[in-house]
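Here's the structure we're looking at; comments come further down.
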There are 2 protein chains.
Amino acid sequence: MRDIAARLQVYPASVQWHVKTKDDLLAAVAGSVMADISVPADDMPWQAWIVALFRRCRQAVRRHPNVTPLIGAQLVSNASLPADLVDGVLRTLERAGFVDESLLEAYNTVIAAMLGFLTMEFAPLPAENPQRWADELRERVHTVRPLDHPSLARALPVLANRAFIVRWENGVTAPMDASFERHAAIIVAGLDAFARAQRQAAG
Amino acid sequence: MRDIAARLQVYPASVQWHVKTKDDLLAAVAGSVMADISVPADDMPWQAWIVALFRRCRQAVRRHPNVTPLIGAQLVSNASLPADLVDGVLRTLERAGFVDESLLEAYNTVIAAMLGFLTMEFAPLPAENPQRWADELRERVHTVRPLDHPSLARALPVLANRAFIVRWENGVTAPMDASFERHAAIIVAGLDAFARAQRQAAG
DNA sequence: ACCTGAACACCGTTCAAGT
DNA sequence: ACCTGAACACCGTTCAAGT
């Protein structure tokens with residue numbers, strides 16, 4: 001609040017006149033980021049539509065990575081209610097054949113997979129002493145004992161700083177492009193299987 | 001910090017002796033929650049193992065829902081490095097046939113899907129005025145215009161307070177059991193398709 | 001309608017001093 | 001080794017007063 005006031009060259013209290021509280025301001029910021037996720041056109045297969053949405057969403061989030069915690073990890077973000085986005089996902093999943101409860105479940109999977117991955121990819125580092133923290137974690141990663149954790153030890157060269165939990169940079173400096181693409185593909189393949197099972201059950 | 005000190009009936013400054021900084025304390029808390037996710041046994045198909053892990057993880061997180069933001073949305077959580085968990089996931093994905101880059105991608109999908117969903121399910125409400133906030137959002141949801149957003153309007157009875165973005169309670173008071181189960185199943189089905197494609201490409 | 005100026009309550013952290 | 005007691009810097013918010 002005080003920083004914003006300083007940036008605007010006004011007194012701290014002035015900000016409160018425009019926005020009631022700090023939470024309200026953060027909600028507005030999150031809403032603004034959510035709002036500029038434009039939705040793909042409907043002239044493609046539903047599978048391609050989902051993947052396209054994943055990519056657009058990542059582009060939008062990437063422009064303001066510091067906002068990600070608000071979107072994924074706080075219910076505040078909902079206040080914005082990006083109806084175009086929600087409606088688009090639902091419309092597309094209906095095309096895939098989902099209805100009622102299966103539509104709900106497919107929708108929740110899409111949103112959780114999309115925003116969940118991005119929340120984690122761009123999770124901020126500890127504000128305190130990022131460099132010291134990164135060094136410590138990197139060190140700890142290298143002390144994995146091959147006899148206790150053979151798979152981890154073996155995979156370490158591939159995983160180090162590229163895999164969740166085993167990294168010391170976030171998506172801002174170490175983007176996870178390939179994994180994000182794969183994640184989107186896996187979600188779509190899984191939804192496809194679910195849709196087929198639904199159709200078969202329906203007769 | 002001050003609350004903890006009060007709870008322990010000591011002066012605020014006393015806490016700093018045991019833990020250097022607030023961030024360090026939060027990292028320790030996150031680590032403690034991560035640490036009590038025990039890993040399933042290896043005597044089941046890899047698909048069942050992944051689903052079992054999803055369930056165990058949710059149980060652990062559910063016991064301390066307020067910690068979820070630390071786990072999903074902050075890189076601090078990594079500091080704990082739950083090696084048993086990471087090694088277990090890798091070992092299981094190796095059983096499924098993944099290696100090198102495909103192992104990395106499959107691993108990232110599993111972790112993001114698991115922790116990402118939980119982060120969102122248990123995302124905290126705005127601390128400020130939860131009731132007022134919930135009322136406002138519920139109201140806004142009901143003003144969706146059917147001509148502008150037909151799919152959303154039609155699905156609203158099913159989605160209201162049960163779907164991401166369209167809810168005003170979090171998983172503590174409104175658990176998303178069915179969607180979580182479905183999400184796990186979709187991830188496994190998607191991984192399965194990926195594994196088959198890998199095998200085929202390998203010859 | 002929008003900002004000033006001062007004040008208040010709160011909170012993480014420091015540090016010299018105690019035991 | 002562990003805590004006290006006081007102090008400091010910082011930050012979101014309030015409010016009467018200005019224009």
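Letters A, B, ... are given to chains in the order of the sequence lines, protein chains preceding strands, and every chain is numbered from 1. Remember, predicted model here, so these are calculated numbers, not experimental data.
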Note to self: Tell me which residues in residues 4-11 of chain A lie within less than 4.0 Å of DNA chain C, going by non-hydrogen atoms.
What the structure shows: A/Val10, A/Tyr11
Note to self: Quick one, A/Ser151 and B/Arg95 - any side-chain contact, counting heavy atoms below 4.5 Å?
What the structure shows: no
Notebook entry, point to check: Just to confirm, is there a sub-4.0 Å distance from OP1 or OP2 of C/dA1 to any side-chain nitrogen or oxygen of A/His18?
Noted result: no
Next item on the list: Apply ring-ring contact (aromatic ring centres under 6.0 Å, His included) to the pair A/Phe98 and A/Phe194, showing each step before the final yes or no.
Entry: CA-CA 9 Å; A/Phe98 297 109; A/Phe194 182 26; 5.0 Å; yes
Margin query: Which nucleotide, if any, forms a Watson-Crick or G-U wobble pair with C/dG18, using both distances under 3.5 Å?
Written below: D/dC2
Note to self: Nearest to the B/Arg2 side chain among D/dC3, D/dA7, D/dG12, which nucleotide is it?
What the structure shows: D/dA7
Next item on the list: With the side chain of B/Met1 defined as its heavy atoms from C-beta on, choose the nearest nucleotide among C/dG12, D/dG12, C/dC3.
Entry: C/dG12
Check: With the sugar-phosphate defined as primed atoms, P, OP1 and OP2, and the base as all remaining atoms, what B/S/- string results for nucleotides 14-19 of chain C, 5' to 3', for protein heavy atoms under 4.0 Å?
Finding: BB----
Note to self: Can you identify which nucleotide, out of C/dC3, D/dA1, D/dG12, has its nearest atom closest to the B/Trp17 side chain?
What the structure shows: D/dA1
Notebook entry, point to check: Is any side-chain heavy atom of A/Leu103 closer than 4.5 Å to a side-chain heavy atom of B/Val158?
Noted result: no
Item checked: Note, B/Val61 side chain near B/Glu121 side chain (heavy atom, < 4.5 Å) -> no
Item checked: Nearest-Å distance for atom pair NZ/C1', residues B/Lys22 and D/dC10 -> 13 Å
Check: Given side chains that start at C-beta, do those of A/Ser179 and B/Thr109 come closer than 4.5 Å, heavy atoms only?
Finding: no
Checklist line | Opposite nucleotide pairing with C/dC11, Watson-Crick or G-U, both atom distances under 3.5 Å | finding: none
Check: Under 4.0 Å between a side-chain N or O of B/Thr21 and OP1 or OP2 of C/dG12?
Finding: no
Check: Parallel, tilted or perpendicular for A/Trp168 and A/His142, by the 30°/60° rule?
Finding: tilted
Item checked: Side-chain heavy atoms of B/Arg62 within contact of B/Phe122, under 4.5 Å -> yes
Margin query: For a 4.5 angstrom cut-off between non-hydrogen side-chain atoms, does B/Glu101 reach A/Arg182?
Written below: no
Check: Any side-chain heavy atom of B/Ile4 sitting closer than 4.5 Å to one from B/Leu25?
Finding: yes
Check: Can you tell me how far C1' of D/dC11 sits from CG of A/Leu26, to the nearest Å?
Finding: 14 Å
Check: CG of B/Asp3 versus C1' of C/dC11: gap in Å, rounded?
Finding: 10 Å
